[in-house]
Amino acid sequence: MQKWLMKSEPNEFSIDDLKACPKQTDMWDGIRNYQARNMIRDTIKKGDLVFFYHSNCALIGIVGIMEVVKEAYPDPTAFEQNDKHFDPKSDPDNPRWFVVDLKFKRKFDRTISLHELKEHKQLEDMRLLQKGNRLSIMPIEDLEWDYVLGLE
DNA sequence: GCCAACGTTGGC
DNA sequence: GCCAACGTTGGC
């Protein structure tokens, strides 16, 4: 089972928003980056666990855990003209963008901040901490996953 | 295929 | 709001 980290701006969609969804489950829509798309479409499997990361906010960091409950299917927002993620080049017969469904597992008692993650030498190879990294979905090594959980 | 211009991400 | 570090687009 592979582990992941996914970023979201809490102003747009926070871990509390996910928790408030019906069945505490929602589709992770709006991914418009090919590297992230490929991971969603090809690699992310049902049962995988995902760190929920809040970006672009006052307290940046990992805030909890979710679980993949449905594997890739076409992102419907790409076909909706009024949606901000509308992409006229995504053909319903040959979809360009995909989503997975994620279910809330739990929220940490505190945010494990980006600042804090940077202080741990054991985490220095984390994709998240590499300079210039902008991927909104990335794999997490098992050792990194366990280490982060140990900080909680 | 090159690369300049433009758009986006995301920490600060 | 700034801006570095990307990614994408499109003319050539």
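Proteins come first, then strands; the chains are lettered A, B, ... in the order of their sequence lines, and each starts at number 1.
Using a 4.0 Å cut-off between charged side-chain N and carboxylate O, D42(A) and R37(A) make no salt bridge. Ionic pairing of K103(A) and E67(A) is not present here: no N-O contact between side-chain nitrogen and carboxylate oxygen is shorter than 4.0 angstrom. A salt bridge is defined here as a Lys NZ or Arg NE, NH1 or NH2 lying under 4.0 Å from an Asp or Glu carboxylate O, and D75(A) with R96(A) fails to meet this definition. Taking 4.0 Å as the cut-off between side-chain N and carboxylate O, E116(A) and R110(A) count as a salt-bridged pair.
Heavy-atom nearest nucleotides on DNA chain C were determined for R32(A) and for N56(A), and the one closer to the 5' end corresponds to N56(A).
For the segment residues 125-140 of chain A, the set of residues with a heavy atom within less than 4.0 Å of an atom of DNA chain C comprises K131(A), G132(A), R134(A), in numerical order.
Using cut-offs of 30° and 60° for the angle between ring planes, the H120(A) and Y147(A) rings count as perpendicular.
Among the protein residues, Q35(A) comes within range of the sugar-phosphate backbone only, with heavy atoms under 4.0 Å from sugar or phosphate atoms but none that close to a base.
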Review point. Given the rule in the side chain to side chain donor-acceptor pair (under 3.5 Å) test, do R134(A) and S55(A) qualify, once you have shown the distances and angles that lead to the verdict?
Key: CA-CA 11 Å; R134(A) 298 188 326 178; S55(A) 66; over 6 Å; no
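Taking the six-membered ring for Trp, W28(A) and F52(A) have ring centres closer than 6.0 Å.
Protein chain A touches strand DNA chain C; the 5'-most and 3'-most nucleotides with an atom under 4.0 angstrom of its non-hydrogen atoms are dA5(C) to dT9(C).
Side-chain polar atoms of R32(A) and T77(A) form a donor-acceptor pair below 3.5 angstrom.
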